[in-house]
2 protein chains.
Amino acid sequence: MEYKEARQKFIGTWGSLGSNWGINKTMAQIHALLLISEIPVCTEDIMDELSISRGNANMNIRALIDWGLVHREVVPGERKDFFTAGKDIWKVALQIIRERRRRELEPVMSILSNMKDINASKGEQAKLDEFNKVIEDLDGFTGKVDKMLETLLKSDKNWFQKNIIRLLT
Amino acid sequence: MEYKEARQKFIGTWGSLGSNWGINKTMAQIHALLLISEIPVCTEDIMDELSISRGNANMNIRALIDWGLVHREVVPGERKDFFTAGKDIWKVALQIIRERRRRELEPVMSILSNMKDINASKGEQAKLDEFNKVIEDLDGFTGKVDKMLETLLKSDKNWFQKNIIRLLT
DNA sequence: AAATACTTTCAATTATTTTTGAAAGTTTAG
DNA sequence: CTAAACTTTCAAAAATAATTGAAAGTATTT
């Protein structure tokens, strides 16, 4: 396979993968582009390579920065902004986990814990029992997942590889 | 809080959570509805409770069955189909992991492994080196994640709780 | 202070996904 | 076999999300 073809395929694949994960296609493609670029890249380059508008590029770059996956880079002698993505896949994964935990797990946990004191009118007791059971299970489960992720985010790569992978393999 | 209010809130929350995870709102709401119902539920009930059309209900129930999260249930003396969802949250989570692994991780892994033999024309060597490095890292990483998930899917709840949670806590 | 280089915003457009509902299909009962 | 009960399909409509591009904003240089 030729380099250009592989590059395009990779950017496309990363893009469609992103959409399964709540990240939009363009955002994931920009990330892919930066991942495989050995030098900082400017907005114009991104617009050209992906054939997207300036506004679109700008918005998605900002979203990536907001997710902590991309950083602004100052290139000496240049006025415009340049961007790079962290290349350590382990760190990328942890950063994504960190953001999703904050944006999704935390809200759910707070809603669940507000659902523990519910009144039933007569005739609803069986339904309420089932409801409470599900809520309690879910609350316990998300609590455990949260603790696990918290520990995972604190631990370093080597520790993880040594312990978890060995335990699971 | 009253039971009905809590019930509605839960269904709504589960629904919007779903959309962050590539599962559409209605599908997640139907799942929530079945999760907290102590008896099997028919299509009509779902249509009424969620105010959705028959087609929509049917499509999303089928999707849930396809994901292995919902099962058809035969109610004696009734002709129409009834549905239930598995109540064990641990199993629900494992089932979701199993399906996502199959639908998303596997395709990516096969694409990555097809990207290991690439030719660069002159002047592209540095770019190609960076590209190969990223692909190799990603391939290694997804391989590890895959092994981990595979083991996780095989292990039982108690084993998991004893080992992983203790290790991480 | 005016021109230049660049970034950000956002209303309008375009693309994608979801939902509807009526028609077609299927199964069961009489 | 035929009607009734129920399920599935799918083209069209509605809802939602992403994208454009021109105008407004900001910072830098002359």
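Side chains are part of it too, since the values below use all heavy atoms of this structure and drop only hydrogens, waters and symmetry mates. Every chain is numbered from 1, with letters handed out A, B, ... down the list of sequences.
Within residues 44-53 of chain A, the residues that place at least one heavy atom under 4.0 Å from DNA chain D are, in residue-number order, A:Ser51, A:Ile52, A:Ser53.
At D:dA18, none of the side-chain N or O atoms of A:Thr26 fall inside 4.0 Å of OP1 or OP2 (strictly under the cut-off). For the OP1/OP2 pair of C:dT16 and a distance below 4.0 Å, the side-chain nitrogens and oxygens of A:Asn24 include no atom meeting the criterion.
The nearest whole Å value for the distance from the NZ atom in B:Lys25 to the C1' atom in C:dT17 is 12 Å.
The pair A:Arg103-A:Asp66 meets the salt-bridge criterion, with a side-chain N (NZ, NE, NH1 or NH2) lying under 4.0 Å from an Asp/Glu carboxylate O. Between A:Glu124 and B:Lys4 no salt bridge is recorded (no basic side-chain N to carboxylate O distance below 4.0 Å).
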Going through the distances and angles, do B:Glu106 and B:Arg102 end up as a salt bridge (charged side-chain N to carboxylate O under 4.0 Å, His left out)? CA-CA 6 Å; B:Glu106 284 177 5; B:Arg102 187 171 66 77; over 6 Å; no
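Ring geometry for B:Phe141 against A:Trp90 counts as perpendicular: the plane angle is over 60°, on a 0 to 90° scale with 30° as the lower cut.
Inspection of the B:Thr26 and B:Gln29 side chains reveals no N or O donor paired with an N or O acceptor under 3.5 Å. A side-chain donor-acceptor contact under 3.5 Å links B:Gln125 and B:Asp129.
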Between the protein and nucleotides 6-10 of chain D, which nitrogen or oxygen pairs come in under 3.5 angstrom?
{"residue": "D:dT7", "atom": "OP1", "partner": "B:Asp81", "partner atom": "N", "Å": "2.8"}
{"residue": "D:dT8", "atom": "OP2", "partner": "B:Asn58", "partner atom": "ND2", "Å": "2.5"}
{"residue": "D:dT9", "atom": "OP2", "partner": "B:Arg62", "partner atom": "NH2", "Å": "3.2"}

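For B:Ser37 (side chain) and B:Leu33 (main-chain N/O), no donor-acceptor pair under 3.5 Å exists by modelled atom type.
At most 12 heavy atoms of other shown residues, nucleotides or ligands fall within 6.0 angstrom of atom NZ in B:Lys127.
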